[in-house]
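Here the structure is laid out as structure tokens; the discussion comes afterwards.
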Amino acid sequence: MPELPEVEILARHLRPLLRGQTIRRVLVRREKVLRPTPLRRFQKTLTGATFTGLTRRGKYLLFKLKTRTAAQPVTLLGHLGMTGRMFVAPRTGSLPKHAAVVFELGRKRFVYEDTRYFGRLTLDLTASGKLGPEPLAADFTTESFARELKRSRQAVKIKLLDQTLVAGVGNIYASEALFRARVSPRLAANRLKLDQVKRLRRAVREVLAGAIAGGSTIPLNFGAGKTDGLFYFGSVAGATDYYEERLRVYDRAGQACVRCRGPIKRIVQAARSTFYCPQCQIF
DNA sequence: CACCATGTTCCTTG
DNA sequence: CCAAGGAACATGGT
């Protein structure tokens with residue numbers, strides 16, 4: 001699932017399903033995803049609590065709950081890691097193999113499953129406090145972005161993955177944004193010209209907003225365990241050719257660039273794949 | 001068997 | 001303090 005657009009779509013999907021639902025029982029099948037919250041505190045705090053709201057910050061989900069006992073509302077922090085999913089389903093039926101946490105609601109249940117268990121569901125909010133600006137919000141300005149980029153000699157692709165610089169960009173959309181901005185992923189962050197910074201900021205926003213808009217039109221089918229590759233590898237409904245494919249460079253090594261027809265290249269930066277067009281993206 | 005994978009954090013070395 | 005590289009976490013797909 002998980003970069004900002006997928007998390008945003010998930011938040012919109014879950015929000016109306018969870019609002020007003022009370023947790024009857026908390027089943028934890030993989031204690032490590034709660035870290036660092038102790039199992040007992042997690043269960044004690046959330047049993048009997050009612051979901052009142054759900055927001056997103058970067059790639060994090062923030063569930064607001066009103067507990068039965070205490071006055072203050074509680075925030076539950078979720079992160080999907082690489083392979084996490086969340087869905088609401090009838091309480092009957094079998095759980096997925098890697099269901100990590102299950103909240104029993106009335107006749108439904110809310111399931112967090114995660115094949116690799118890199119994600120988290122926790123009462124510790126520390127991680128979300130270290131995030132940079134929301135890329136789609138007003139405080140992600142050219143000025144602040146340029147100022148932060150100036151502070152580093154690291155390759156700009158690596159900086160885009162730094163969640164304290166801007167929150168929510170992951171490995172796929174980092175390559176996509178750099179391609180649309182025509183900026184080389186290898187360029188040192190502090191060497192970007194102002195117009196490159198402007199194009200990159202705009203590209204980040206467009207790529208993320210476009211993915212939210214495109215993904216939102218495709219019906220979600222969580223729980224069945226099959227359809228979430230659609231965000232990355234599916235075609236746009238009604239697309240007539242590859243120009244309308246959602247991803248223009250990611251996972252397209254060797255394929256023709258949609259702008260210049262030259263081959264897309266794959267390189268490795270900070271142990272992650274980067275895809276780009278060496279012709280179009282100026283070093 | 002090999003290598004790859006949408007993420008984050010920790011560790012070491014310089 | 002920072003940068004860079006590597007490994008760890010854990011499982012599955014090709």
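In the text below, chain A, chain B and the rest are named by the order of the sequence lines, each starting its count at 1.
Taking atom P in both C:dA7 and B:dA2, one finds a spacing of 15 Å when rounded to whole Å. Look at the P atom in both B:dC3 and C:dG6: the space between them is 15 Å, to the nearest Å.
For A:Lys44, the NZ atom is loosely surrounded, since the number of other residues' heavy atoms within 6.0 Å does not exceed 12.
Figure legend: A:Arg30 and A:Tyr117 shown as a cation-pi pair, the cationic atom lying under 6.0 angstrom from the six-membered ring centre and within 45 degrees of its axis.
Donor-acceptor pairing under 3.5 Å is lacking for the side chains of A:Thr122 and A:Asp124.
In this structure, NZ of A:Lys157 is placed 12 Å from C1' of B:dG7, rounded to the nearest angstrom. Note: CG (A:Leu149) to P (C:dC2) measures 15 Å, nearest angstrom.
Contact annotation for A:Thr83: no contact, since no heavy-atom pair falls under 4.0 Å across all strands.
Under the rule for a side-chain hydrogen bond (donor to acceptor under 3.5 Å, both in side chains), the partners of A:Thr75 that lie at least two apart in sequence or sit in another chain are A:Lys64.
Within residues 268-278 of chain A, the residues having any heavy atom closer than 4.0 Å to DNA chain B are, in order of number, A:Arg272, A:Ser273.
Note on A:His79: every side-chain N or O is 4.0 Å or more away from OP1 and OP2 of B:dG7.
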Name the pairs: protein N/O against N/O of nucleotides 11-14 of chain C, kept only if under 3.5 Å.
from   : atom 1 : to      : atom 2 : distance (Å)
C:dT11 : OP1    : A:Arg30 : NH2    : 2.8
C:dT11 : O3'    : A:His98 : NE2    : 3.1
C:dG12 : OP1    : A:Lys97 : NZ     : 3.0
C:dG12 : OP1    : A:His98 : NE2    : 2.7

